Structures are given as C-alpha cells and as structure tokens.
Amino acid sequence: MYTAPLKDIQFVLNHVADINKVTAAINRQDDITPDLVDAVLTEAGKLAADVIAPTNHTGDQTGSRHHEDGRVTTPAGFAEAYQAMAEGGWTAMDAAEEYGGQNMPMVVSSMVNEIWQSANMAFALCHLLTQGQVYALQKSASEEQKNLYLPPMLEGRWTGTMNLTEPQAGTDLAAIKTKAVKTESDALGTHYRISGQKIYITYGEHDMAENIIHLVLARTPDAPEGVKGISVFIVPKFLVNADGSLGERNDVHCVSIEKKLGIKGSPTAVLSYGDNEGAVGYLVGEENRGLEIMFGMMNHARFSVGLQGLAVSERALQQAIGYAMDRKQGTPLGGQSGDAIINHPDVLRIITTMKAEIEAMRALAAVGGAAMDLAHGGAEADRAFWDERAALLVPIIKGWLTERSLAVTSLGVQVHGGMGFIEETGAAQHYRDARILPIYEGTTAIQANDLVFRKTLRDEGKAVFTFLDEIDAEMITLAGNDHPVVASAAMAVTDALADARLAINHILSSANDPRRSAVSGSNYVMLMGYLAGGWLMARSAAKAAEQLEADGADENFLNAKLVTADSYMGHALPQVMALARSILAGDDAVLAMRPDWLQG
Ligand SMILES: Cc1cc2nc3c(=O)[nH]c(=O)nc-3n(C[C@H](O)[C@H](O)[C@H](O)COP(=O)(O)OP(=O)(O)OC[C@H]3O[C@@H](n4cnc5c(N)ncnc54)[C@H](O)[C@@H]3O)c2cc1C
C-alpha cells in the first residue's frame, strides 16, 4: 500500500520552496494557482495509489520477460498503468505546450515524479527516461524532428530510451564504438546507418507502447578520437513516416535482458544495432556534438534519479510505519504488554530518523526544482545566478539522496526484523531497488568529481561559498526565533557551516594536486547534502512553529515537523562534522595505499 504524502509535499512547496515566489518570478502565477497544484497532486496521488502501486511487488516477483522472437513483456498491469498515465495527460506534464506538453514548472513536476517513483520505481523508470529524451530533443533537435517525435511521446503512445553504455564504455563515454555511417539521401531523407551493441538500456524493448525512440550515441567514420567525436542519433524501433504513421521495423533488436538485484520489473536490454543493413538513425544537432547534447540534459536526468532516492525511501518509510504500528513484541519500556513495537525507543528512533531525512531530502529536491525553474524562466538578470545554483545543487541532490536511500531503505528492513529479510513483506524490495540509484546516471564518484572540479575548484569556491553565506544569513535570523527547537536548529546549522568551510578550504588548498581533491569528493557530496538538509529543516521548523500559532492549526502534523527537525539536528547533521574530519585527515591515508599491495 502507498499513500502519496500530500500534506508534506504541500508544506514543502508552500513553506520551504516558496512556490508562490517561484511562480511569480517565472510569470506563471496566473496559471499555476494553489488550486491547480492541489488538484494535480491529489489526482497523481490517486492514480499512483490505485493503479501503479499495486504493480510494485508483483512486478518485482515476476520481472520482465524476454522471448525468443526478441519481444519483451513487462509484468502484469504495467501496460495498463502506462495507458492510464497517458490518458490522464501525465506523460505530457513537463514538456513545452507547442508540442502538446503542459509546461508544468519543475518545482511541481518534481513532486509529482516523486509520487510515480514511490508507487513503482521499476515501472516509472520508463517515464523518467522518456522525459529525459523529451527534454534533450526539445533543447537540441530540429523543428521537424520535434514535431515528428515529441507529440506521440507526450501522448504516451511512444516511449524514449537513452543509449550511452557499451561493454567497454560505461563511465568513460570516450570509449564508445557504435558506428554511424551517413547514407545517400533516399526516400527516408538524410540518415545514417547505425551498427554496434548497447548494453543496460532501460526499457530498450517492451510492450507498453506502440513505438520506442532510442537516442543513441555513436561515432561517424572520420570522427576525432575520444569524447569530441561522438554524435547523437534518433533511432526509432519502427521507422516513422512523414505523416507520423509507423513504417517498417528498424534494424535494432533486443538480444537479451539482464537479471538484476533490483528494479526487476524494468527491462534492462542488450540492444544490437545493424545486424542486417544497419539501423536507420537521424542526426540530432551537428556531428561530433553528441556529448554536449547529452550534457545539456544531464542536470535534468541526474535530478530525476535523485528524486528516485527520495521516492523509494518514502515508500520504505510508509511500509516500516505500517509494520511497526501493528507488530507486537515484548513490552516496550514504559509501555504495556500488547503495545506495538513502534513504542520501543529504538524502533521509534529508527523511524523518526528515517522520516527526518526523507523530509530533508524532499525539501532539497523541491528547492533544486525551483532553482531550475528560475534558471530557465526567472528574470533575465537572475538567470545566471540560478543556473549556477542549480548546477551546484544537482550533484548534491543526485549523490546525497541516492546514497542515503540505501541507508533509509536498509533501516526499513531493520524495522521488520526477520520479516524484512523475507521477500513477502516487500521491505527487502525497496532496499534492493535502491541499490542502482548511486550507480546509474553517473556513479556517486562522478557526482563527486563534478562537485569538486567543475563546481568548486573551477571558480575557486565562489558559488559554494555564496551558497554557504546565504545559509549563514538565514540561520542568524532563525537563531533569534522564540521557539527553542528553531533557535537550537539554527545554531546547530551555524556550527555545521564552520565545519563545511574548513573542509572546502582544505579541498581548495589541494587544487594543484587533483588526486587529493578527488579523494575528498564523495565525502564532500555527502557533507553538502547533510548541510543543505539541515538548512531546510531549520527553515521548516520555523514555518511549523509559526503555523502552530494560527487558529485551527494542524497540530499533530506541525508538532511532528518540529520533532523531525530536532531529530535531524541531533542524528543527521552531526555527519557534517564527521565528514569534515574525514576530508581534513583522509587524503594521505588513501593515497599512501598502492594498488599492488592490495593483493598481498
Ligand atoms: C539497471 C541499470 C540500468 C541502466 N540504464 C541505462 C540506460 O538506460 N542507458 C544507458 O546508457 N546506460 C544505462 N545504465 C548504465 C549505467 O549508467 C552505468 O552502469 C554507469 O554509468 C556505470 O558504468 P559502468 O557500469 O561501466 O561502471 P564503470 O564505469 O566500470 O565503473 C566502475 C567503478 O569505477 C568507478 N569509476 C569509473 N570511472 C571513474 C572516474 N573517472 N572517477 C572515479 N571513479 C570512477 C565508478 O564510480 C564505479 O565505482 C544502466 C545500468 C544499470 C545497471
């Protein structure tokens, strides 16, 4: 069972991410009204709970299946659920209106995407990848390509994939070998013939849509070596006629799908291109600019995977709360015989810390979405600032939310005791599903490299220190708050800021020795995540305290908010200090190790 956390989402949107300010800044206050946002979230919550969430556990048990004739069938209910999303217009939510999209701001669509991903992450991945491709095509494809491919994807009739990975080219896309040879222009117009093998292609083949549009990275014959010689192509499963109708089957085939640790409902395909005459592909943008085009959508895709971390954590929390309210075992200290395990102080600790981190994750995701909205649609003079802020936040959101989802879903298993280890309850599934998140769309190490080298060393810490200064100023105000939880939260964050500054200065001081900077990267991502979470939980506590004063306040909800903020400061925020210590002390200990010593 899953219930969309609408109250918390609304609280975060209205009081932490300040959606009204965002919609005003992007001139959308007339169409993105509070009533509309409320209706969107409520309807998404219903579809997620009634149609999508029931496919989660069964989908994990059956998985997708590859057939001898190359077809792939998804678990029972997946195709119907996708159809329902399409009929509700959800597949068009965040695309441009001119192609049939609804142009929903990211701050809202991120919260809706959280809901889909909580309901069934393996299923919702198809939508995530399609959104990613839509975003890339909107930004970089020709007008004809956009008009031909975007509307059916937004209507949910076709889906999209991202084809980067090859056996020898994972993190290092410079090693891509898939070939693209330009043919003479014929009845199909100018096109290329694509040949090669792509692996790990999510929803590379399936039965949920009429057509699949692959976005494929490949090299033309005389392309320069390395990343400067990669181009990107649209390769439809069924060729598309000029009027949008489907033509012949293209020369791309699913060889097999992977057996995996988690997200088993989603097919992860090995795709073979050009077994016969070569798959027909259409160049997007210019030759050799493929990686640039993919990088153009990277913030979007990485942010979406960060949201998956939040989503799977929320699902694990709901399941853990349900179990802990029901299961009886022993007499909790200070309680009575027959009290449920939620009354054991340690179980309460686990669940409260899970909830606190999830609220911090959600707040950070919403603030990240708002930054992207402001970067794209805010006042011209402010766009560069918000672009820089979004670029800073994305590796933190991707890295921190996904890494913490491993711990949060593991705590969910712990609450279930032995039943957590038994597949029947579904708690183990969330833990297994979460494991992919710090791996795909750039491993945590890649987020760390991004944060250290591009977002910190390149501007000598300017963007990150500006961010820290803003947090500092807000905490100075909150430290004077009448509510003791708010004031002490602000002081805790101020202390953490001092630790963060020491750690960042240490990273900056090793700028001339990139190996040293890189050693600190993953800890730096996590430190920034915990710190940003603390910042927003302090803000959240202040808003909750303020609202408690109002007549008719939702006291249970608001008091719980104050408790989660307090819990965050006591149990999560101290990680900033620990990580800063590791950063300050850790380089020598790592770099002194020689790989040849490791095998004895
Ligand atoms: C279920 C699943 C779905 C996927 N879906 C897709 C998809 O739809 N489309 C697609 O194109 N790909 C997809 N992928 C591929 C995924 O993006 C890659 O697996 C990922 O980028 C890592 O590449 P790799 O597996 O080759 O690992 P490697 O690159 O071999 O990395 C192995 C280890 O080395 C580390 N490492 C490598 N390079 C560096 C570096 N420069 N600095 C520091 N550490 C480094 C990594 O962090 C990692 O810990 C999927 C993968 C899986 C498992």
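Quick caveat, the model's predicted, so the values are computed rather than measured. Atoms within a ligand are numbered from 1 in the order they appear, just like the ligands themselves.
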A.B. asks: Strictly inside 4.0 angstrom of atom 36 (N) of ligand 1, do you find any protein heavy atom?
C.D. replies: no
A.B. asks: Please report whether ligand 1 has a polar contact with Thr202, defined as an N or O pair separated by less than 3.5 Å (distance criterion only).
C.D. replies: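 Between Thr202 and ligand 1, an N or O pair is found under 3.5 Å apart.
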A.B. asks: Given side chains that start at C-beta, do those of Tyr82 and Thr91 come closer than 4.5 Å, heavy atoms only?
C.D. replies: yes
A.B. asks: Looking only at protein heavy atoms, which one is nearest to atom 4 (C) of ligand 1, and how far off is it?
C.D. replies: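 So the nearest neighbour among protein heavy atoms is Tyr200 O, 3.2 Å.
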A.B. asks: Is any N or O atom of Leu164, backbone or side chain, closer than 3.5 Å to an N or O atom of ligand 1?
C.D. replies: yes
A.B. asks: Do any N/O atoms on Asp172 end up under 3.5 angstrom from N/O atoms on ligand 1?
C.D. replies: no
A.B. asks: Which ligand 1 atoms does Glu441 reach within 4.0 Å, using its non-hydrogen atoms?
C.D. replies: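 Heavy-atom distances to Glu441 below 4.0 Å select 17 (O).
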A.B. asks: Give me the residue, atom name and distance of the protein heavy atom closest to atom 53 (C) of ligand 1.
C.D. replies: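 Scanning the protein heavy atoms, the shortest distance from atom 53 (C) of ligand 1 goes to Ile436 CD1, 3.3 Å.
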A.B. asks: So is Thr444 touching ligand 1 or not, going by heavy atoms under 4.0 Å?
C.D. replies: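 Under 4.0 Å: no for Thr444.
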A.B. asks: Check if Ile201 has a non-hydrogen atom at a distance under 4.0 Å from any atom of ligand 1.
C.D. replies: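 Yes.
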A.B. asks: Starting from atom 26 (O) of ligand 1, what is the nearest protein heavy atom, named by residue and atom, and what distance separates them?
C.D. replies: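 Sorting protein heavy atoms by distance from atom 26 (O) of ligand 1 puts Gly170 CA, 3.1 Å first.
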A.B. asks: Before accepting this row, confirm whether a basic side-chain N of the pair Asp69/Arg71 lies closer than 4.0 Å to the acidic partner's carboxylate O.
C.D. replies: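 Salt bridge: yes.
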A.B. asks: What protein heavy atom sits nearest atom 46 (C) of ligand 1, and how far off is it?
C.D. replies: Thr443 OG1, 3.7 Å
A.B. asks: Answer yes if a protein heavy atom lies under 4.0 Å from atom 28 (P) of ligand 1, otherwise answer no.
C.D. replies: yes
A.B. asks: Quick one, Leu579 and Tyr530 - any side-chain contact, counting heavy atoms below 4.5 Å?
C.D. replies: yes
A.B. asks: Do you see a donor-acceptor pair shorter than 3.5 Å between the side chains of Glu287 and Tyr192?
C.D. replies: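 A pair is found: one side chain offers a donor N or O, the other an acceptor, under 3.5 Å apart.
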A.B. asks: Can you find a protein heavy atom closer to atom 42 (N) of ligand 1 than 4.0 Å?
C.D. replies: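 Neighbour list for atom 42 (N) of ligand 1 includes protein heavy atoms (cut-off 4.0 Å).
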A.B. asks: May I ask you to check whether Tyr203 and His206 place their ring centres under 6.0 Å from each other?
C.D. replies: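 When the ring centroids of His206 and Tyr203 are compared, they turn out to be within the sub-6.0 Å range.
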A.B. asks: For Asn449 and ligand 1, does the shortest N/O to N/O distance drop below 3.5 Å?
C.D. replies: yes
A.B. asks: Using a 3.5 Å cut-off and no angle test, enumerate the donor-acceptor pairs between side-chain atoms of residues 226-240 and protein atoms at least two apart in sequence or in another chain.
C.D. replies:
residue, atom, partner, partner atom, Å
Ser231, OG, Asn288, N, 2.8
Lys237, NZ, Glu205, OE2, 2.7

A.B. asks: For atom 40 (C) of ligand 1, what is the closest protein heavy atom, and at what distance to 0.1 Å?
C.D. replies: Ile446 CD1, 3.8 Å
A.B. asks: Side chains of Thr268 and Ile257, heavy atoms from C-beta outward: is any pair under 4.5 Å?
C.D. replies: no
A.B. asks: Just need the protein heavy atom nearest to atom 31 (O) of ligand 1, so name the residue and atom and give the distance.
C.D. replies: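 In this structure, atom 31 (O) of ligand 1 has Thr171 OG1, 3.8 Å as its nearest protein heavy atom.
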A.B. asks: Considering only NZ, NE, NH1 and NH2 on the basic side and carboxylate oxygens on the acidic side, decide whether Asp588 and Arg516 come within less than 4.0 Å.
C.D. replies: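 Looking at Asp588 and Arg516, the cut-off is met.
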A.B. asks: How close does the nearest protein non-hydrogen atom get to atom 18 (C) of ligand 1, and which residue and atom is it?
C.D. replies: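 Atom 18 (C) of ligand 1 sits closest to the protein heavy atom Thr165 OG1, 4.3 Å.
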A.B. asks: Please test Thr456 against Tyr524 for side chain to side chain donor-acceptor pair (under 3.5 Å), starting from the C-alpha separation and ending with a verdict.
C.D. replies: CA-CA 11 Å; Thr456 303; Tyr524 177 33; 2.9 Å; yes
A.B. asks: If only side-chain N and O atoms count, and only distance matters, is there a donor-acceptor pair under 3.5 Å linking Asp587 with His506?
C.D. replies: yes
A.B. asks: Indicate yes or no: does an N/O atom of Met162 lie under 3.5 Å from an N/O atom of ligand 1?
C.D. replies: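 The answer is yes, given that Met162 and ligand 1 share an N or O pair closer than 3.5 Å.
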A.B. asks: Less than 3.5 Å apart, any donor N or O on the side chain of Asp513 or Ser510 sitting next to an acceptor on the other?
C.D. replies: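 Ser510 and Asp513 do not have a side-chain donor-acceptor pair below 3.5 Å.
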A.B. asks: For ligand 1, which atoms have a heavy atom of Tyr440 less than 4.0 angstrom away?
C.D. replies: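 Counting from 1, the qualifying ligand atoms are 2 (C), 3 (C), 4 (C), 16 (C), 17 (O).
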A.B. asks: Between Tyr273 and Asn163, do the side chains contain an N or O donor and an N or O acceptor separated by less than 3.5 Å?
C.D. replies: yes
A.B. asks: Tell me the protein heavy atom at minimum distance from atom 44 (N) of ligand 1, and give that distance in Å.
C.D. replies: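 Of every protein heavy atom, Ala445 CB, 3.5 Å lies nearest to atom 44 (N) of ligand 1.
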A.B. asks: Counting only non-hydrogen atoms of the protein, does one fall under 4.0 Å from atom 33 (C) of ligand 1?
C.D. replies: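 Protein heavy atom within 4.0 Å of atom 33 (C) of ligand 1: absent.
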A.B. asks: What are the atoms of ligand 1, with element, lying closer than 4.0 Å to any heavy atom of Ile439?
C.D. replies: 20 (C)
A.B. asks: Side chains of His214 and Thr161: any donor to acceptor distance under 3.5 Å?
C.D. replies: yes
A.B. asks: Quick check on Glu258 - does any of its heavy atoms sit under 4.0 Å from an atom of ligand 1?
C.D. replies: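 No, Glu258 has no heavy atoms under 4.0 Å from ligand 1.
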A.B. asks: Can you pull the salt bridge (charged side-chain N to carboxylate O under 4.0 Å, His left out) pairs that have at least one residue in residues 399-411, sequence neighbours excluded?
C.D. replies: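 Output for this query lists Glu357-Arg404.
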A.B. asks: My question is simple, although I want it checked carefully: is atom 50 (C) of ligand 1 less than 4.0 angstrom from any protein heavy atom?
C.D. replies: yes
